[in-house]
2 protein chains.
Amino acid sequence: MENGAPAVEARRRAGRPPHPVLGPGRITKAALRLIARDGYKGLTMSALARLLNVAPSALYNHVSSKQDVLLLVEDHLMAGVDISGFEAGPWHQAVRGWAWSYRNVFARHTPLIPVIAVLPVTNAPQTVKMYEAVTAGFHAAGWPPDQIIDAIVALESFIFGSAFDVNAPAEIFNAGELAADAPLFTQAVASRASGSGSGPGGDERPVSPSDTAFGLGLEALIDGLWAQRALAPKARHP
Amino acid sequence: MENGAPAVEARRRAGRPPHPVLGPGRITKAALRLIARDGYKGLTMSALARLLNVAPSALYNHVSSKQDVLLLVEDHLMAGVDISGFEAGPWHQAVRGWAWSYRNVFARHTPLIPVIAVLPVTNAPQTVKMYEAVTAGFHAAGWPPDQIIDAIVALESFIFGSAFDVNAPAEIFNAGELAADAPLFTQAVASRASGSGSGPGGDERPVSPSDTAFGLGLEALIDGLWAQRALAPKARHP
DNA sequence: ACCTGAACACCGTTCAAGT
DNA sequence: ACCTGAACACCGTTCAAGT
């Protein structure tokens, strides 16, 4: 108990510490550790404080709310989304690689999606950086400037929705007692194609149902958006 | 206080009432009233009980959790999604009408989306009914049976993601201080097309940015899926 | 400026007791 | 079977007091 090993920090007395104990970086890292260990239900301000060896109220010197913590986590994760394809390769392939990695990152962080989808990017530098890279890729592919954001938003909406689907249980479409009233649906569910399909690289290997649906929709969206790009109306002048 | 007007019910004594006070229908209706008045933050078990003039614990004789209440609400809302197009009209138009109404319903109920996306349809009759109608429409349009569910899932993912986008504030893409580091993105945001576009009926009238993005993505998805339907691989036989 | 400790106003859920 | 009332184990957030 009283040996010199500082494996467990001693209780801190009240008052300003010699140098700050917390900060955005350490809070983000602790939040990620908590999420990895216990999931989002385990991410509470109390648990976060406990892991950082401070009182819960100390967190509010660095973030103004729990939403703020979620924004820190979100922005950190955005750095993990693959934007490398937009720097050089063809547009189709760049979008494909970006979309798959974007979905895969947030499939494990779906509770962030309602937050991201509604929060301004003003204080999320990694997020802005990602958008800049994607916009540059669209620009380089000759996209009409006034349509780029709408195309990105459409892709993102599909990506976010698909991230939820990754977490759906296998039996989500089991109609149970209601199957008798829905014969075509029940049949379609039973015959649902799975076991092989195209991944981000177009390789042929076993994939889950959610991967198959994502691949199908993503290719449709990429092709469909590209076709509409050609038909795009000229930008209106006021 | 003691006149005969039963405007406010008298406090009920403990013990089984002469006939049940609650039930799924009344709970659903009360939940919807609460959501309409105070939003989802106002939907608590306490508030629900108060509106129904019972103790919070009484609710647990009819639902096993708050998630159960959300499932009741979700299934009720599904009846409001427009599936009429699948009974007769052309596939493209049926999907368009369905998708717009589906998005519009859940744009006002985004907190349900994480629940729907992951919960089995086993005890949601209206939801199963909707899936049956949509499946029938795909079937009638000659869709390969083993691809129907994946196509529906892809469309639904886009719809759910887009429902969040409807609630995004106008300034969501304002990079603020970070604008200098993201010139192309900032420019694209500034020139974002808006003010007119195509709604579900293809009519020309003012639409919000989220409507424009949804319309763009939906048309791309419809066209892309249709094109892939033609190229669909034959169903594998085991 | 940045921490502690106590307090506030909530949550969803359980369970014995009553009829 | 279906209600009440009390209790449990939490939440996020605020704020005075301390250095």
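In what follows, chains carry the letters A, B, and so on, assigned in the order in which the sequence lines appear, proteins first and then strands, with residues in each chain numbered from 1.
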Round to a whole Å and report the spacing from [atom1] of [X] to [atom2] of [N].
X      : N       : atom1 : atom2 : answer
L52(A) : dC2(C)  : CG    : P     : 15 Å
N53(B) : dG5(D)  : CG    : P     : 11 Å
L59(A) : dT4(C)  : CG    : P     : 9 Å
N61(A) : dT19(D) : CG    : C1'   : 14 Å
Q67(B) : dC11(C) : CD    : P     : 18 Å
Y40(A) : dC11(D) : OH    : P     : 17 Å
K41(B) : dC11(C) : NZ    : P     : 11 Å
L43(A) : dG12(D) : CG    : C1'   : 12 Å

Practice problem: Look at the side-chain N and O atoms of H62(A) and state whether any lies under 4.0 Å from the OP1 or OP2 oxygen of dC3(C). | Solution: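 Checking dC3(C) against H62(A), a side-chain N or O does come within under 4.0 Å of OP1 or OP2.
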
Quiz item: Within the structure, does a side-chain N or O atom of R13(B) lie under 4.0 Å from either OP1 or OP2 of dG18(C)?
Solution: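 Checking R13(B) against dG18(C): no side-chain N or O falls below 4.0 Å of OP1 or OP2.
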
Self-check item: H76(B) atom NE2, neighbour heavy-atom count above 12 within 6.0 Å
Solution: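 Check fails, neighbour count at 12 or below.
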
Report the nucleotide, chosen from [options], that has the shortest atom-to-atom distance to any side-chain atom of [X].
X      : options                  : answer
A14(A) : dA1(C), dA1(D), dT4(C)   : dT4(C)
Y60(B) : dT14(C), dC11(C), dC2(C) : dT14(C)
T44(B) : dT13(D), dT4(C), dC11(C) : dC11(C)
M45(A) : dC2(D), dG12(D), dT4(C)  : dG12(D)

Quiz prompt | D146(A) with R192(B): basic N within carboxylate O range, under 4.0 Å | solution =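 Salt bridge between D146(A) and R192(B), a charged N being under 4.0 Å from a carboxylate O: no.
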
Practice problem: Would you classify S57(A) as touching base, sugar-phosphate or nothing, given that sugar-phosphate means primed atoms plus P, OP1 and OP2, and contacts are heavy atoms under 4.0 Å? | Solution: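 Base contact.
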
Self-check item: Rounded P spacing from dA9(C) to dA9(D) in Å
Solution: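 Looking at atom P only, dA9(C) and dA9(D) are 22 Å apart.
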
Exercise. Tell which nucleotide pairs with dA6(C), taking only Watson-Crick or G-U wobble pairs whose two distances are both under 3.5 angstrom.
Key: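 Pair assignment: dA6(C) / dT14(D).
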
Quiz item: Which comes earlier along DNA chain C counting from the 5' end, the contact point of R16(B) or that of A47(B), where each point is its nearest nucleotide?
Solution: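 Of the two residues, A47(B) wins.
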
Quiz item: How about F160(A) and Y102(A): are their ring centroids closer than 6.0 Å?
Solution: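 Under 6.0 Å, so yes.
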
Quiz item: Just by distance, with hydrogens left out, do D165(A) and S157(B) show a side-chain donor and acceptor under 3.5 Å apart?
Solution: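 No, no side-chain donor-acceptor pair sits under 3.5 Å.
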
Practice problem: Indicate whether the side chain of S210(A) and that of S208(A) have a donor and an acceptor atom separated by less than 3.5 Å. | Solution: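 Yes, S208(A) and S210(A) have a side-chain donor paired with an acceptor closer than 3.5 Å.
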
